[in-house]
Amino acid sequence: MISIELENPRREIEQAIEQNDLAQLLRVSGLLHGHFCPGSAMGVKAATRAVRELRTQSTGMEEVVAIVETNSCFSDGVQIVTGCSFGNNALIYRDFGKMVLTLARRSGEAVRVTQRPDGLSMEQREPEAMKLFQKVVKERKGTPEDSEKLRGLWTKASFKMLDVPDEEIFSITHLKIKVPAYARIFASVKCSVCGENIMEPRARIQENKPVCLSCAGDQYYQLAGDGMSLVGR
Ligand SMILES: [Zn+2]
Ligand SMILES: [Zn+2]
């Protein structure tokens with residue numbers, strides 16, 4: 001089991017990246033992701049390659065940022081390996097629906113890892129698992145035994161995925177990008193209706209008093225399974 005050091009909580013992950021120990025990194029990704037699947041394995045693989053290419057490390061202080069273009073399983077593999085997460089503001093999400101990672105230093109020096117369109121499909125790689133996936137996940141018609149079986153097949157397929165040469169599944173390019181500014185720290189104000197604190201730029205003013213978006217009945221952005229959308233009203 002992973003041991004967490006107070007001085008550098010990511011030490012074991014950094015060592016695994018240095019040793020290119022993809023299996024260990026995939027195991028650790030399970031802590032966040034809850035299961036093993038080819039998507040998270042692809043995320044682990046893409047991120048490990050990007051971190052090694054860029055020769056960088058992250059303390060979660062935005063010295064490195066990861067830009068992902070999907071909110072699928074792939075992105076959890078990316079978060080664990082790069083240390084760039086939703087909560088530390090070093091993960092940037094662009095809702096393009098592409099399994100793509102761009103890892104960048106503050107200087108703009110970046111590596112972009114995209115999926116090769118001519119690579120083998122999951123149906124070709126894992127026909128048995130994909131058939132079961134169709135039934136259990138897409139159609140939601142599987143029995144508990146089917147789900148259990150899929151879990152096993154998926155775990156095996158995920159670790160197998162790690163042995164496929166990067167060049168067979170990814171295109172890797174070095175480029176220079178414009179990195180978004182550091183996250184700003186905003187003051188909090190209290191909503192005059194529900195009494196909860198809100199970061200100032202999200203507050204609306206009604207009858208000269210600050211109100212949260214929810215109490216104001218205003219539209220807001222929501223990131224859900226289908227991606228980012230404007231909801232409310
Ligand atoms: Zn998954
Ligand atoms: Zn409110």
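The structure displayed is predicted, hence computed values, not measured ones. For ligands, and for the atoms within them, numbers begin at 1 and follow the listed sequence.
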>> When you compare the side chains of S188 and E200, does any donor N or O come within less than 3.5 Å of an acceptor on the partner?
In response: no
>> Is the shortest side-chain heavy-atom distance between V111 and T102 below 4.5 Å?
In response: no
Taking only distance into account, with no hydrogens and no angle test, what donor-acceptor pairs under 3.5 Å do side-chain atoms of residues 151-174 form with protein atoms, sequence neighbours excluded?
| unit_1 | atom_1 | unit_2 | atom_2 | d |
| --- | --- | --- | --- | --- |
| T155 | OG1 | R151 | O | 2.8 |
| S158 | OG | C37 | N | 3.1 |
| S158 | OG | C37 | O | 3.3 |
| S158 | OG | W154 | O | 2.5 |
| K160 | NZ | E126 | OE2 | 3.0 |
| D166 | OD1 | K45 | NZ | 3.2 |
| D166 | OD2 | R49 | NH1 | 3.0 |
| E167 | OE2 | R49 | NH1 | 3.2 |
| E167 | OE2 | R49 | NH2 | 3.1 |
| H174 | NE2 | E53 | OE1 | 2.5 |

>> Whether the D76 and Q79 side chains hold a donor-acceptor pair (N or O, under 3.5 Å, no angle test) is what I'd like checked.
In response: yes
> Sorted by chain and residue number, which protein N/O/S atoms are under 2.8 Å from the Zn ion (ligand 2)?
Replying inline: C191 SG, C194 SG, C212 SG, C215 SG
> With the 4.5 Å side-chain cut-off for hydrophobic clustering, are V28 and I17 part of the same group?
Replying inline: yes
> Which residue pairs satisfy the ring pair (Phe, Tyr, Trp, His ring centres under 6.0 Å) criterion with at least one member in residues 72-126, sequence neighbours excluded?
Replying inline: none
> For Q15 and D21, does a side-chain donor sit closer than 3.5 Å to a side-chain acceptor?
Replying inline: no
>> Quick check: closest heavy atoms across V179 and A104, and the distance to 0.1 Å?
In response: CG2-CB, 4.0 Å
> Around the Zn ion (ligand 1), how many protein N, O or S atoms are there at under 2.8 Å?
Replying inline: 4
> Under a single-linkage definition using a 4.5 Å side-chain heavy-atom cutoff for Ile, Leu, Val, Met, Phe, Trp and Tyr, are V81 and I4 assigned to the same hydrophobic cluster?
Replying inline: yes
